[in-house]
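Proteins come first, then strands; the chains are lettered A, B, ... in the order of their sequence lines, and each starts at number 1. The structure displayed is predicted, hence computed values, not measured ones.
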Amino acid sequence: MQLSEQELVRREKLVKLRELGIDPYPANLYPVTYYSKQIKDRYAEGKEVVIAGRLMSRRIQGKASFAELQDAEGRIQVYFNRDEICTGEDKTKYNEVYKKLLDIGDIIGIKGALFKTQVGEITVMVKDFDVLTKALRPLPLPKTDKDGNVYDEFNDPELRYRQRYADLIVNPRVKDTFVKRTKITNVIRDFYNAMGFLEVETPILQPIPGGAAARPFITHHNTLDMPLYLRIANELYLKRLIVGGFDGVYEFSKDFRNEGMDRTHNPEFTVMEMYAAYKDYNWMMDVTERLLEKIALELHGTTKVQFGEHLIDYKAPYQRIGILDAIKEHTGYDLYQKSEDEIREICKKLELEVDETMGIGKMIDEIFGEKCEPHYVQPTFIIDYPVEMSPLTKKHRSKEGLTERFELMVNGKELANAYSELNDPIDQRERFEEQLKLSEKGDDEAMFIDQDFLRALEYGMPPTSGIGIGIDRLTMFMTNNESIQEVLFFPQMKPEQKTPSVALNDEEKAVLAVIQKEEKIDLNTLKSQSGLSNKKWDKTIKHLTKNNLAKVNKTEKGLFVELVD
RNA sequence: UGAGGUAUAACUCAGCUGGUAGAGUACUGUGCUUUUAACACGGGAGUCUUGGGUUCGAUUCCCAAUGCCUCAACCA
C-alpha cells in the first residue's frame, strides 16, 4: 500500500503518542455531558463541561491556540492555553501532544469551562483533554469565511458518494438532508399511527414479483431450489393483510428494480405504501394533501418549499384534474372512449414513438408523460386513469372505461400513486389475463398472475384505498436536491477500479533475463535486443530500476545496465 | 445504449505552440497567550486515470479502455 507523505506523518505521530504512554484508541467510555448546541443554547460563564468530537480547525499562536471541535450537533470553539492544561513544570501535554501529535480529524475529549472571548464567541477553556481516536487519513477540508463563502469545497460527486463518511464530516448540508429524511418518515409514521394504522413488514423475497410493472432482480434459494425475486412492490401483500382483517396497514418498503440508473433512479429505493379499508380514492386525496402539508410544516415551518427554481406550495387542497382532460388541455385531443388504433394515429400526429406492442394504457401514459407531466409543477392530483393502464384499480363508479386512480404530480414528476383498490376477484383475474396478453405481445413489464392473491380476494377484501409514496423523491423535493444520490446514504456505484499489481509483465521479465545472462550490458544494445518501442522500453527499464532489480551505470564508455547486488 | 464534458499534490484548481509541472488550502520547521478563511518567514510533497501509438523527447498530439458529470434514451 502506497501511503502519502501526510499519512506517513500521522502514523509516526501514532507511535510517538504510544511512546508517551497515550493510547490513541482507548477502550473506556468518555463521560460526555454536553453537545455543542446545548452549550451555545444554554451558556453560563464558567460552567464546567465535558465534550467530545472531531478536531476540525486550529489556529495556533505559540502558547495558546483556538480550535474547533465538531460533534453530532455542530461545532464549538475551544481554547487551548498551555498553562491551563499544564499547571506544573512539565509542558509536554501542550507542546508535544496538542501542538505536534494531534491533527485535524482526530477525535478528542475535552474537560473545560465556558467563557466568551474578547470578540464575544462562546468558547470552551480546555482544562484537560484526551485522545479518543487518532485519524490516520487527512480529511478534505473546506473552509468557510465569515460571509459564508465556502472555499475548497469537497464537491467531487464520485468521491463524495464513495466516501460518504467523509462527505458527512465536512459538508454540513449533507448531514442536514439525511436528518430531514428521517424526520419525513417519522412525520409519516406519527400521522398514520395517530389514525390507528399498523406498521407492518412483508416479504422482500417473493416467489412472484407483483404489484407493479418493472424488471425484477432474481436470486436463488438453495434449500428450496427455486428462484426468488427481490420485490418490486409490496402492494399485493398489504392487500392480503386487509383481507385478513387489518383495517389500516402501512410499510416503508425497500423495493428493487433492475433498470437504468440516473439522477432520479437507483436500483433500490424506498416506497411507503398504505392501505385503508372502507375508504376510496377521494378520501385518500384528502388525507395525502394533509400529510404533505404537515411534512412541509414540520420541516420548514411553512408550506412553501423551494425546489430548484420553483417555490412549491404544499398547502392543501390540491387541484384535481382527469388525465384525459389534462391531455385534451395540452394537446387538443379528446381520447375518451377512443379505440387503440385511433389513439395510435394521434400518437403519430403528436410525433411520439409508438409501436405495435403498446396497448392503450402505454400510449396514454406516453402522451401524458411527454405532453402534460412537465406542466404540473405545483402539487396536482391527476385522476381517473384508463382501465388499460391500471390493472389493480377499481373501475370508475360513473365513467365508463376509466378507473378510480390518481397520481400526485409535483415538480413535473410522479410523487405518489393511489387507487380505490380493485376487490372484485373475477374482474381482477380478467385484468391479469389482459396483462398476460400484453406480455405475449412483447411487453416485458406486464404483470404476472398471482394465483394466491386471487384466492385471497375470493375470500373478500373490503372496499379499500391504497397509496404508494416515493420516499426518495419526496425527500429530494423537501430538501431541494435534484439527484437521488443526494438523498441516499450509499447510492449504487460501479465498483472502484482495482489497483494495478506491481508484478513484472512479460517484457520486463524478458529484459531482466537478458541482463541476468550478460551481467552487464550496453544500454543501447539491450534496448535494440528487446525490440521494444521507445516508450515501452522507457517504461520497462524504469520499472526495473525503480523496483531495485537493475541499475544503470554511466561510465566513460557509455551507459551500462547491470543487476543490483 | 447514444452525444458531449472531465480525470494533474490529501482538497479546490492553473498549466500557452510537445522539452520531467505550479498556486491556495492541508502538511512540515521557526516565532507568536483571546484568534477566527489567524498571521509572518522558510521547507517538502506528484505513477499528470490506465494501456497503446507518433516523436530524439508526451501531462500536452493521436487511438483505445475505465470512472465520474450533463443531456438524450429507458423507467408506473
Would you kindly check if the NZ (Lys) or CZ (Arg) of R164(A) is within the cone defined by 45 degrees around the ring axis of F489(A) and under 6.0 Å from the six-membered ring centre?
->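 Judged by the rule (NZ or CZ under 6.0 Å from the ring centre, within 45° of its axis), R164(A) is not positioned above F489(A).
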
How many Å lie between [atom1] on [X] and [atom2] on [N], as a whole number?
{"X": "L3(A)", "N": "A9(B)", "atom1": "CG", "atom2": "C1'", "answer": "15 Å"}
{"X": "E158(A)", "N": "G67(B)", "atom1": "CD", "atom2": "P", "answer": "10 Å"}
{"X": "E486(A)", "N": "C68(B)", "atom1": "CD", "atom2": "P", "answer": "15 Å"}
{"X": "D145(A)", "N": "U25(B)", "atom1": "CG", "atom2": "C1'", "answer": "14 Å"}
{"X": "I467(A)", "N": "A76(B)", "atom1": "CD1", "atom2": "C1'", "answer": "14 Å"}
{"X": "L136(A)", "N": "A10(B)", "atom1": "CG", "atom2": "P", "answer": "16 Å"}
{"X": "L159(A)", "N": "U6(B)", "atom1": "CG", "atom2": "P", "answer": "18 Å"}
{"X": "R58(A)", "N": "A37(B)", "atom1": "CZ", "atom2": "P", "answer": "18 Å"}

Inter-nucleotide [atom1] distance ([N], [M]), Å rounded:
{"N": "G24(B)", "M": "A37(B)", "atom1": "C1'", "answer": "11 Å"}
{"N": "U66(B)", "M": "U47(B)", "atom1": "P", "answer": "24 Å"}
{"N": "A23(B)", "M": "C68(B)", "atom1": "P", "answer": "32 Å"}
{"N": "A3(B)", "M": "A64(B)", "atom1": "P", "answer": "11 Å"}
{"N": "G18(B)", "M": "U8(B)", "atom1": "P", "answer": "22 Å"}
{"N": "C11(B)", "M": "U50(B)", "atom1": "P", "answer": "15 Å"}
{"N": "C63(B)", "M": "C56(B)", "atom1": "C1'", "answer": "22 Å"}
{"N": "A14(B)", "M": "U59(B)", "atom1": "C1'", "answer": "13 Å"}

Hey, is the side chain of [X] poking within less than 4.0 Å of OP1 or OP2 on [N], counting only N and O atoms?
{"X": "N155(A)", "N": "U12(B)", "answer": "yes"}
{"X": "R162(A)", "N": "G67(B)", "answer": "no"}
{"X": "R59(A)", "N": "U35(B)", "answer": "no"}
{"X": "K146(A)", "N": "A37(B)", "answer": "yes"}
{"X": "K99(A)", "N": "U30(B)", "answer": "no"}

Identify whether any heavy atom of [X] sits under 4.0 Å from a base atom; if not, whether one sits that close to sugar-phosphate; answer base, sugar-phosphate or nothing.
{"X": "I60(A)", "result": "base"}
{"X": "R10(A)", "result": "nothing"}
{"X": "D262(A)", "result": "base"}
{"X": "P391(A)", "result": "base"}
{"X": "V170(A)", "result": "nothing"}
{"X": "K413(A)", "result": "nothing"}
{"X": "Y419(A)", "result": "base"}
{"X": "E153(A)", "result": "sugar-phosphate"}

Can you tell me the Watson-Crick or wobble partner of [N], both distances under 3.5 angstrom?
{"N": "A10(B)", "value": "U25(B)"}
{"N": "G2(B)", "value": "C71(B)"}
{"N": "A76(B)", "value": "none"}
{"N": "G46(B)", "value": "none"}
{"N": "U55(B)", "value": "none"}
{"N": "C16(B)", "value": "none"}
{"N": "G31(B)", "value": "C39(B)"}

Which nucleotide in [options] has an atom nearest any side-chain atom of [X]:
{"X": "D152(A)", "options": "U30(B), U33(B), U12(B)", "result": "U12(B)"}
{"X": "K143(A)", "options": "U33(B), A37(B), C68(B)", "result": "A37(B)"}
{"X": "Y161(A)", "options": "C27(B), C32(B), C69(B)", "result": "C69(B)"}
{"X": "F154(A)", "options": "U12(B), A38(B), C27(B)", "result": "U12(B)"}
{"X": "N417(A)", "options": "U34(B), A37(B), A76(B)", "result": "A76(B)"}
{"X": "Q118(A)", "options": "U34(B), A26(B), U36(B)", "result": "U34(B)"}
{"X": "P140(A)", "options": "A38(B), U36(B), C11(B)", "result": "C11(B)"}
{"X": "P157(A)", "options": "C69(B), U28(B), A76(B)", "result": "C69(B)"}
{"X": "K13(A)", "options": "U28(B), U34(B), A73(B)", "result": "U28(B)"}
{"X": "E5(A)", "options": "G44(B), A73(B), A76(B)", "result": "G44(B)"}

Which residue lies toward the 5' end of RNA chain B, M261(A) or Y79(A), if each is placed at its nearest nucleotide?
->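 In this pair, the answer is Y79(A).
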
Which comes earlier along RNA chain B counting from the 5' end, the contact point of T264(A) or that of G120(A), where each point is its nearest nucleotide?
->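 First, find each residue's nearest nucleotide; the 5'-ward one identifies G120(A).
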
More than 12 foreign heavy atoms under 6.0 Å from NZ of K47(A): is that the case here?
->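 Yes, enclosed.
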
Return yes when atom CZ of R320(A) has more than 12 non-hydrogen atoms of other residues, nucleotides or ligands closer than 6.0 Å, and no otherwise.
->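 Correct, the count exceeds 12.
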
Is Y151(A) stacked on the base of A37(B) when the test is centres under 5.5 angstrom and planes under 30 degrees?
->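 Given the distance and angle limits, yes, they stack.
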
For P386(A) and I323(A), which heavy atoms make the closest approach, and how far apart are they?
->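 Distance-wise, the nearest heavy atoms are CD-CG2, 3.9 Å.
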
Assign the ring pair [X] / [Y] to parallel, tilted or perpendicular, where the plane angle (0 to 90°) is split at 30° and 60°.
{"X": "H375(A)", "Y": "H330(A)", "answer": "parallel"}
{"X": "F432(A)", "Y": "F453(A)", "answer": "perpendicular"}
{"X": "Y98(A)", "Y": "F129(A)", "answer": "perpendicular"}

D103(A): which of R58(A), K13(A), R11(A), R137(A) passes salt bridge (charged side-chain N to carboxylate O under 4.0 Å, His left out) |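 For D103(A), the salt bridge (charged side-chain N to carboxylate O under 4.0 Å, His left out) check succeeds only for K13(A).
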
Check: E48(A) side chain, K111(A) main-chain N or O, donor-acceptor pair, under 3.5 Å |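 Not confirmed, E48(A) side chain does not pair with K111(A) backbone.
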
E121(A) (side chain) and U36(B) (base): donor-acceptor pair under 3.5 Å =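 Check passes, donor-acceptor contact within cut-off.
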
Polar pair under 3.5 Å, donor/acceptor by atom type, side chain Q61(A), base A38(B) |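 Under the 3.5 Å cut-off, the side chain and the base do not form any donor-acceptor pair.
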
Does the separation of the ring centres of F80(A) and F66(A) fall below 6.0 angstrom?
->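 Centroid distance F80(A)-F66(A): not below 6.0 Å, so no.
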
